[in-house]
**Q** 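Below is one structure. I have some questions about it.
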Amino acid sequence: MTRDHAVIEELLAIRSLGGLDGDDVERLERELAAHGDCEECRRLTDEYAETAGRLGFALDPTPVDLEQANEILRRATHPATQDAAPPPSVLPTDELGARRSRRGRMWPALVVAAAVVVLVISAVAILGPGRSTEVTVSTSQTVVGFTGDTGELAMAYEPGRPGALFVGSGFPDPGSDKVYAIWMLQGSTAVSGGCVRPHDGSIVAFVDADLADADRMAVTVEPSSCPSQPTSAPVLISDPLVA
Amino acid sequence: MEAIDLAEARDRELVQGIRRRDEEAFRGLFGRYAPSARSLAMRVVRQSHLAEEIVQEAFMALWRNPAAYDDQRGSVKSWLMGMVHHRAVDLVRREESYRRRAERSAQQETDREMDPADEVVEQIGLPEERRRVRAALDELPEAQRDVLERMYFDGMSQTQIAEATGLPLGTVKSRTLLGMRRLRSALIQEEP
């Protein structure tokens with residue numbers, strides 16, 4: 001018996017161009033599932049994917065630095081979690097503003113007075129009830145919170161000195177090929193502070209970076225290659241840093 | 001898609017080399033397709049640094065998992081460009097604001113200047129490919145070409161195109177199908 005592939009073909013053609021959305025995404029899956037082991041479905045899938053892939057060659061090529069290939073190989077061979085000297089880049093600051101404006105929760109900035117006493121605080125204050133990780137924070141340090149759409153995060157640092165400790169909880173797994181990237185924002189530019197993966201939803205990380213010029217910190221979700229420039233909008237932004 | 005030309009045969013050899021962890025093979029494929037991949041990513045996301053990241057991410061995926069390419073399902077070049085396109089579209093879908101920002105700054109954005117000695121635009125086989133694809137697109141009725149270009153090059157979904165053009169969604173779909181059928185016929189079913 002010959003099955004009708006009209007609907008599948010139309011949806012596959014649209015999907016191959018990246019245009020499928022809404023209910024049609026599930027509709028295509030249902031149709032394909034209904035056809036089961038369908039040679040014609042595979043043929044249509046492959047041929048439309050092949051056709052779509054060829055369209056990109058209509059554009060004039062852009063010169064590319066061959067050194068990028070070597071950089072990819074270096075990163076693949078030595079998967080560092082922090083780029084040595086990341087170039088500054090433009091962060092989507094208008095997106096930052098938009099996200100900040102629609103945030104529902106605000107982490108109160110805890111500015112601790114300078115003192116010589118070292119205070120060991122329970123991370124309960126940062127991670128919330130039920131967490132037991134202990135974090136040592138000197139009273140000469142400043143603690144700032146982050147606000148956004150993902151998890152709870154706080155950062156402790158000592159103004160005028162490099163390095164910052166990040167403690168957070170409630171972070172969803174970003175996926176096997178993704179990490180959370182920490183950025184130091186300097187005006188409209190972002191400098192990488194490295195990448196971390198949460199463990200059981202928690203993050204405890206020390207970033208050995210100079211925060212002297214940073215106005216705020218931000219967190220984005222990035223490919224596990226830990227790019228030197230942000231490729232997505234921030235999921236968390238810190239309160240202003242104290243100089 | 002049974003018959004393959006010499007360029008495709010060479011590409012498959014390079015992928016085989018990458019499976020053997022041959023870095024020269026990787027550089028060869030990068031030099032051959034990164035310029036076109038960069039153009040495609042740039043066209044969709046409209047920001048050069050994002051386009052560069054997308055291309056690097058796609059080639060990183062190739063190096064890490066060359067077995068993902070199945071030579072029974074299509075050409076290396078189409079598979080590579082598909083990876084780049086998917087990443088670019090995914091990015092603009094997640095962050096539509098990128099597009100708005102990019103359109104505002106499109107006039108200001110220029111690719112960084114590079115030492116010509118560092119530039120790679122390997123064109124073996126590609127001018128002919130470009131000519132064929134452009135000719136196939138030019139053969140399409142304008143209404144079909146417009147929908148396809150919005151969808152593929154501008155990263156718009158079928159719904160967004162319907163909203164932007166005022167066309168019924170069904171018309172967008174049918175034009176896409178008819179256009180893609182013509183392109184499929186011109187680009188794969190009648191390959192030399």
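Proteins get letters first, then strands, A, B, ... in listed order; numbering begins at 1 in each. From a predicted model like this one, the values you see are computed outputs, not experimental measurements.
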**Q** Once rounded to the nearest 0.5 Å, what's the spacing between atom CG of A/Asp46 and atom CH2 of B/Trp79?
**A** 14.0 Å

**Q** Please determine, among B/Val84, B/Thr159, B/Val89, the option with the most heavy-atom pairs under 4.5 Å with chain A.
**A** B/Thr159

**Q** Let me see the working for B/Lys173 and A/Asp24 under side-chain contact (heavy atoms from CB on, under 4.5 Å), right down to the final yes or no.
**A** CA-CA 11 Å; B/Lys173 291 179 177 180; A/Asp24 282 338; 2.6 Å; yes

**Q** Report, in residue-number order, which members of residues 141-148 of chain B are under 4.5 Å from chain A by heavy-atom distance.
**A** B/Leu148

**Q** Minimum heavy-atom separation for B/Arg130 to A/Phe57, with atom names?
**A** CG-O, 3.0 Å

**Q** Which heavy atom in A/Leu55 sits nearest to a heavy atom in B/Phe153, and how many Å separate them?
**A** O-CZ, 3.4 Å

**Q** By ring-ring contact (aromatic ring centres under 6.0 Å, His included), which residues pair with A/Tyr48, not counting sequence neighbours?
**A** none

**Q** Atom CD1 in B/Ile188, atom CZ in A/Arg54: separation rounded to 0.5 Å?
**A** 7.5 Å

**Q** Under 4.5 Å from any heavy atom of chain A, what part of B/Phe26 do you find: side chain, backbone, both or neither?
**A** side chain

**Q** Ignoring hydrogens, what is the shortest heavy-atom contact between A/Ala58 and B/Leu137? Give both atom names and the distance.
**A** CB-CD1, 3.9 Å

**Q** With rounding to the nearest 0.5 angstrom, report the CZ to CD1 distance, B/Phe30 to A/Ile72.
**A** 4.5 Å

**Q** Indicate yes or no: at least one non-hydrogen side-chain atom of B/Arg73 is less than 4.5 angstrom from one of A/Arg42.
**A** no

**Q** Out of curiosity, B/Glu57 CD to A/Thr231 OG1, how far, rounded to the nearest 0.5 Å?
**A** 6.5 Å

**Q** For A/His35, give me all partners under ring-ring contact (aromatic ring centres under 6.0 Å, His included), at least two apart in sequence or on another chain.
**A** A/His5

**Q** So, A/Glu50 and B/Arg184, do they make that salt bridge, N to O below 4.0 Å?
**A** no

**Q** Counting heavy-atom pairs under 4.5 Å with chain A, which one of B/Glu23, B/Glu149, B/Met83, B/Met60 comes out on top?
**A** B/Met60

**Q** Taking all heavy atoms of B/Arg64 and all of A/Arg75, pick out the closest pair and write down the distance.
**A** NH2-O, 4.1 Å

**Q** Calculate, to the nearest 0.5 Å, the distance between atoms CG and CG belonging to B/Leu40 and A/Leu59 respectively.
**A** 6.0 Å

**Q** Quick one: does B/Tyr152's side chain have a donor or acceptor within less than 3.5 Å of a partner on A/Ala52's backbone?
**A** yes

**Q** What is the minimum heavy-atom distance between B/Leu177 and A/Ala13, and which atoms define it?
**A** CD1-CB, 4.1 Å

**Q** Considering only heavy atoms and a distance below 4.5 Å, find which of A/Ala49, A/Gly53, A/Pro223 pairs most often with chain B.
**A** A/Gly53

**Q** For B/Glu139, look at atom CD and say whether over 12 heavy atoms of other residues, nucleotides or ligands are found less than 6.0 Å away.
**A** no

**Q** Roughly how far apart are B/Met180 CE and A/Leu17 CG, rounded to 0.5 Å?
**A** 4.0 Å

**Q** Could you check B/Arg38, B/Arg43, B/Arg134 and say which one makes a salt bridge (Lys or Arg N to Asp or Glu O under 4.0 Å) with A/Asp60?
**A** B/Arg134

**Q** Okay, side chain of B/Ser39, backbone of A/Thr62: is any donor-acceptor separation there less than 3.5 Å?
**A** yes

**Q** Sequence neighbours left out, what passes side chain to side chain donor-acceptor pair (under 3.5 Å) with B/Gln16? Give chain and number order.
**A** none

